[in-house]
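Position 1 is the first residue of the sequence; numbering continues from there.
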Amino acid sequence: MENVIYFLSEIIIAIGAVAAVTAGLKIKEGFSSKTALETAGLKPAKNDRLKRKKAVQSPKRQLFILNATLFIALLSFLPFISDFIKLSGLQDSFGLSTLISITPFNDYTGTFLGGCVIISPLNTLFKFLIIFTAFFTSVLSVSFVKVLNQKITNFTALFLFAVLGGLFLCSANDFLTLFISIEIISTALFFLIANFSDKKEEKKQNFKITNIGNGIGYGAPLEASVKYCITGAISSCFMLLAISYIYLHLGTLNFSDMEILAVNKLLPQSPLLNAAEVIFFLALVFKIGAYPFYLWVMDVFKGVNYSTGLFISTMVETAGLAAIVKSAFALGFFGSIPSFALILCAVLTLVLGNLFAFRTIKKEGSIKDFLASSSMANSGYALLGISFFAGGTICASIFFFIVYLVMNIGLWAGFMLVAKNLRGDIQKDTETIPSLRGLAYISPSFAAAFTICLLSFAGFPVMAGFSAKFYLFVEILRSGVWAVYPLLFAAFASILAVYYYFKIIYYMFLKPVDLKVFKKNTIFDKTNVYTVTLMLSAAALIVLFFFSGPVIRMLQSI
């Protein structure tokens, strides 16, 4: 019982998921009673009408359950704040040496369930990042999921189950637990993507509806879900195949046992084992949308709602990165072949992702296409550091990914606000990059905060994006002279990024052709969750630039 504090987040999310499912069952009962009366040709009574009205208004109740659950889960990490501050060295700089440590965090490692679950500072950090990104995703998704009505119950429950799978993944200490956790996330995501196939959204994006059988409409969200399901199932099959070969050669699936084998130099050398490691990492690479499994990102983002897209590019990518880091620490001692394969994947992901983003901006394409390619490109930077299988480069990748999450939340908040402002126009290609034209004249504060996020993505100083890329490149160079070659491709990708991020800024500062698109009293000038999130993200990027040292020291300590 003394270790329950380390699993508070999992307990809270599980309770929230059960509460969401229970509330959903009550709502369905209300609708079913109404349907039975109408089937019999009778007019529903007043109480039945009130019950139906209450059921239709359920989005508020469901979204309250979702946001409250994630906020309470976020508060469950408060006991660890003092330990993180001690690891960063800030207590000495600000005279906080008397901080009380509620939990035995320093150098603490505990295993449970026969070694399947492990508690460590690194796992706790990844769990915090998952809850952090999930909370901001749920807050920003409020106005985009209210149109779902009955489907809101599915959205809330699936969202929480996916987060729960991510938390299990962070605590996993063997390949079997890791695989099961990944499948929990993937299964929830299959239905979460398809959950948004409503008529309003299909009309908004000019999707063609195909009538099949009894007239049920299948739109782009369902098509995106099927594509993700098929590619994910193939990836899972290869992952199981690789795990079976790893067990065949090592006789264990436990990460701690593999570290013991590495320390005692008892690792077998086998081409088949190296092939299994490469296949396993390639299957994991699918989860973050890197090469060669990058096409699903472009296809899925075209069909998903903004809230689901943000969920994929933040929480799902965080879980995928955590899985790759944990596997890298377990399998990183087995030679250079898996490292070379991952470096190749990272370099191609960087180049292709930035080329796709460059093409989207050049052709003034869709906002969702740009967000998909940007997510793919930045996952390549994080994967590049991990692929060297060195403590310094992995630490730099985690720091880059933390900065990326802050930048990405701000980027999505800005684009979601643009999409929300254009929600009344259902013409084709409304939500394109030129939709940002003239925003600097309409809302200077919005344009300034959005510019900070974009400059941070481009890697300019005074923003955390610069310190993250600089630290990552320096650590990669320390790996050897040959590391210059992948860095040349990373530099080329960064130059492309400078162009297209500046192109977006250029659009914002162009004089608007038609101010009717943005009404005089636009939502850009009002205080809402999107503007507040964007401002917080911009401020956090500047603060992180000046406090990069303490954050890096904390990551090096854990």
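- Ring centroid separation for the pair Phe370 and Phe358 does not come in under the 6.0 Å cut-off.
- Looking at Glu317 and Ser375, their side chains do bring a donor and an acceptor atom within 3.5 Å of each other.
- Side chains of Asp299 and Tyr228: no donor on one and acceptor on the other come within 3.5 Å.
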Run the numbers on Leu70 and Leu160 for side chain to side chain contact (heavy atoms under 4.5 Å, CB included), then give the verdict.
-> CA-CA 9 Å; Leu70 292 171; Leu160 291 175; 4.2 Å; yes
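- Below 30°, between 30° and 60°, or above 60°: for Phe450 and Phe415 the angle between ring planes is above 60°, a perpendicular geometry.
- Taking each heavy atom of Ser373 and Met298 in turn, the nearest pair found is N-SD, 4.1 Å.
- Of the candidates Ile312, Asp369, Ile367, Phe301 forms a side chain to side chain contact (heavy atoms under 4.5 Å, CB included) with just one, namely Ile312.
- Residues Tyr471 and Phe466 have side chains not in contact (no heavy-atom distance under 4.5 Å, counting atoms from C-beta outward).
- Under the 3.5 Å distance criterion, with hydrogens and angles disregarded, no donor-acceptor pair is assigned to the side chains of Thr308 and Asn305.
- Checked against the 6.0 Å centroid threshold, Phe286 and Tyr294 do not count as a close aromatic pair.
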Review point. Should Ser379 and Tyr404 be marked as a side chain to side chain donor-acceptor pair (under 3.5 Å) after you check the CA-CA gap, both sets of side-chain angles, and the distance that decides it?
Key: CA-CA 9 Å; Ser379 65; Tyr404 161 72; over 6 Å; no
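- Side-chain contact check for Asn528 and Lys420: no donor-acceptor pair (N or O, by modelled atom type) lies under 3.5 Å.
- Side-chain contact of Ser186 with Lys287: a donor-acceptor pair under 3.5 Å is present, judged by distance alone.
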Run the side chain to side chain donor-acceptor pair (under 3.5 Å) test on Ser141 and Tyr306 for me, step by step, so that the C-alpha distance in whole Å, both residues' side-chain angles and the decisive distance to 0.1 Å come before the verdict.
CA-CA 8 Å; Ser141 302; Tyr306 278 94; over 6 Å; no
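- By the 30° and 60° cut-offs, the orientation of the rings of Phe159 relative to Phe311 is tilted.
- Contact annotation: the side chain of Phe281 never approaches that of Ser387 to less than 4.5 Å [non-hydrogen atoms, C-beta and beyond].
- One side chain, Ser313 or Asn408, offers a donor N or O that lies under 3.5 Å from an acceptor on the other.
- For the residue pair Thr360 and Tyr500, no side-chain donor N or O sits within less than 3.5 Å of a side-chain acceptor on the partner.
- In summary, the aromatic rings of Phe136 and Phe132 are positioned with their centroids under 6.0 Å apart.
- Here the CG atom belonging to Leu411 is positioned 5.5 Å from the CG atom belonging to Leu371, to the nearest 0.5 angstrom.
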